[in-house]
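Chain identifiers are assigned alphabetically (A, B, ...) following the order of the sequence lines, protein sequences preceding nucleic acid strands; residue numbering begins at 1 within each chain. Heavy-atom basis, side chains included; hydrogens, waters and symmetry copies ignored.
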Protein chains: 2
Amino acid sequence: MTDQRAFFDLLDIMENEKLVEAKRFFALMRSTFSIANLLYADIDVLATGFAFHRLHHTFSGCAIRTYLDEGFQRIDPVLRLTMGGIRPVDWATARELHPESEPLFSAAMRLGLGVDGVTLPLATPTRRLAFLAIHADVAAGEWPAYRRNHLRDFQLLANLFHASVLENDNRIELSQHAAKTLTHRETEVLGWTAAGKSYWEIGTILGISERTVRFFMTNARRKLNVVSNTQAVAQAVRRDLIQTF
Amino acid sequence: MTDQRAFFDLLDIMENEKLVEAKRFFALMRSTFSIANLLYADIDVLATGFAFHRLHHTFSGCAIRTYLDEGFQRIDPVLRLTMGGIRPVDWATARELHPESEPLFSAAMRLGLGVDGVTLPLATPTRRLAFLAIHADVAAGEWPAYRRNHLRDFQLLANLFHASVLENDNRIELSQHAAKTLTHRETEVLGWTAAGKSYWEIGTILGISERTVRFFMTNARRKLNVVSNTQAVAQAVRRDLIQTF
DNA sequence: ATCGTAACTGTCGGTAGTGACAGGTTTCGA
DNA sequence: TCGAAACCTGTCACTACCGACAGTTACGAT
C-alpha cells in the first residue's frame, strides 16, 4: 500500500496552490503512486477530427504518433465510454466490452505499454471532453487491488488538477476586461432584469419606486458602456457580474 | 478515523450496482461517515427561478422551506462557487469570502444546523448544475481534519452516485428532445440584440424587415421559455448559444 | 402528396424602456 | 466640514418592445 502521507502532501499542494503545471502534477503523481504514464486531455468535440484544447502526457512520442496515425481514436472503447459518462473507465473492462478494439491493445502491448489503467472523465464548463488517463505500473494481477485502493485518490486529485487548469484559463480571460464595479443595487436590478422582470415588478420586489429601478439601470448601462438593458445583461452575464438565479 | 472497510464496502456497492436509490445512498453514507445531512441536486439552470431536475436530501422540510422562502439561493456563496467551478467548496471558506451571506449562515444556526460541510460540484452532460452537499456531524474544531481525511472518499462516491442517477435517468433523453434548438436566424437576431441593436437596426443589418426580426425573436423567446428579449439574451449567453465579443 | 419546418411579411394596440429635466437624504472618508 | 458616492424620487415625451391577428414561400422527408 502506498504511503498515506505522500497522498496527503500531494492533496495539500493541489488544494492550496493556484496553479499546478501539468509537468509538476505528473511528477508528483508518479512519485506518489505506481504510475507508468499519465495523459490529460481537453478536447473540442465539435471540431472535425481531434482538436485538442489541451494535451499533456508522459507517453512516448512514438506511442502518441502510433495512436493518431492508426486512427485508434475511432475504435478506442475507453474514449467512447469516457465521452458518455461520469464513471471512471477501467481499460480492461472497456477492452472486454468492445472486442473490435483489439488492434489498439495489441499495439499497446507491442510498444511495451501495459494495459492496466483507468480513465477519469472530468467536468467541463462547455461542450468539451476532458479526462485524465492513468496508466499503472504494477505487477501482473495486482491491478484490481491497486485500482480499488487508489481510485478515490485519483478521482479527487484529477478533479483538483482539472480545476487548476480551468481556473487558469479563466484568469487569462477575465484579466482582459477591466471589471467596472457595479454597486449592490445596480447588480440587484440587473439580476432581476435578466430574470425577465419589468421595472415595476423589480420596484415592488425591492420595495422601491419604479423610477429608482430605472435610475439604477441607467447607471449600470452607463458603467457598462452599453445602450440597452438587454446589452447590459449580456455583458453582465458574460463577465459573471450577476448570478442568473 | 472512520473504518476503512466500511468505505470499501460502500465503494463496492456504488461501483457494482446499476441503480442506487438516493435514500439508500444517503443511509449508507451516514452509516459510513459522520454525516448530519446530505443534499443532492440537479438543477436546470435554463429555466426561470429554481427548476430542480432532481432533489434528494435529508434536511428537514422546515430548513428547505426557509432556504427557498428567504431566497437564500440568491446570496448563497456556496451555490455561486459550485456553479462556477470544479473544486469542492468548503462552506466555511465560502462564508469568509462572502460576508454578505451572513443571513444564510445565521439562519442555519438558528435552525440548529451546523455550518461544517462541503459541496462537491458534479459533471453534467448538458448545462445543468449538479452537486452533492455534505453536512458533517463532527465536534467543534474537528472539521478540517475530518474533511482532509474524507474528501477523496466523498469525491469518488459522489461521482459514482451521480453516475448512477444519470444512467438511470430516462428524463435526460426527454429534456434533450425538449431542449429546442434555435435556428440560424434566431441565433443571429439574439446575437445582435445582445449587442444592443434595435429591431429596426437588425432588420437593416440582415437585409430583412423589422417585422421579421420580431418574428425570429418571438420564436426564440418561446423556445427559451422566457418573457423578454433581455431574459432570452441572459439565457443564451449563459448557455453559450451566442457569442458576445 | 401532404406535413413539418424555416424563412419571411403586414397591421393594431397596449405596455415597457429610455433620456432629459429636476430634485432629495444618508454615509463615510479626507 | 466638505465633497464624493450610494441611495432614492418625480414628471414629460418619445421610442422600442411585444402579443395577437393573419398571412406567403421554399424545401426536405414520410
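- Taking 4.0 angstrom as the limit, A:Y199 places a side-chain polar atom (N or O) nearer than this to OP1 or OP2 of C:dT18.
- Atom pair A:K197:NZ and C:dA16:P shows a separation of 13 Å (rounding to whole Å applied).
- Under the 3.5 Å distance criterion, the side-chain polar atoms of A:Q231 are matched with a main-chain donor or acceptor of A:V227.
- Among D:dC17, C:dT9, D:dC7, the nucleotide with an atom closest to any side-chain atom of A:R185 is D:dC7.
- For the contact set between residues 211-219 of chain B and DNA chain C, defined by any heavy atom under 4.0 Å, the members are B:R211, B:T212, B:R214, B:F215, B:F216.
- Side-chain contact check for B:L160 versus B:E15: some heavy-atom pair is nearer than 4.5 Å.
- Remark: C1' of D:dC17 and CD1 of B:I202 are 12 Å apart, rounded to the nearest angstrom.
- Residue B:L81 holds its CG atom at 9.5 Å from OG1 of B:T119, rounded to the nearest 0.5 Å.
- Distance, B:Q231 CD to D:dG19 C1': 16 Å, rounded to whole Å.
- Rounded to whole Å, the distance from CD on B:E210 to C1' on C:dC8 is 14 Å.
- With distances taken from any side-chain atom of A:T183 to the nucleotides D:dC17, D:dA6, D:dT9, the minimum falls on D:dA6.
- At least one side-chain nitrogen or oxygen of A:R221 sits closer than 4.0 Å to the OP1 or OP2 atom of C:dG19.
- Outside the 6.0 Å centre-distance limit, the rings of B:F25 and B:H56 are not counted as a close aromatic pair.
- No more than 12 heavy atoms of other residues, nucleotides or ligands sit less than 6.0 Å from atom CD of B:E21.
- Put simply, A:S228 has no side-chain N or O that comes within less than 4.0 Å of OP1 or OP2 on D:dA16.
- Between B:F59 and B:H135, the ring planes lie parallel to each other; the angle is under 30°, not in the 30° to 60° tilted range.
- For A:R222 and D:dA5, the CZ to C1' distance is 11 Å, given to the nearest whole Å.
- Look at NE2 on B:H184: it is 12 Å from C1' on C:dA7, rounded to the nearest Å.
- The separation between B:N229 atom CG and D:dC18 atom P is 4 Å, rounded to whole Å.
- B:L224 has its CG atom 13 Å from the P atom of D:dC18, to the nearest Å.
- When distances run from any side-chain atom of B:K223 to the nucleotides C:dA6, C:dG17, C:dT18, the shortest one goes to C:dA6.
- Panel note: side chain A:S164, backbone A:V20; a donor-acceptor pair is recorded below 3.5 Å.
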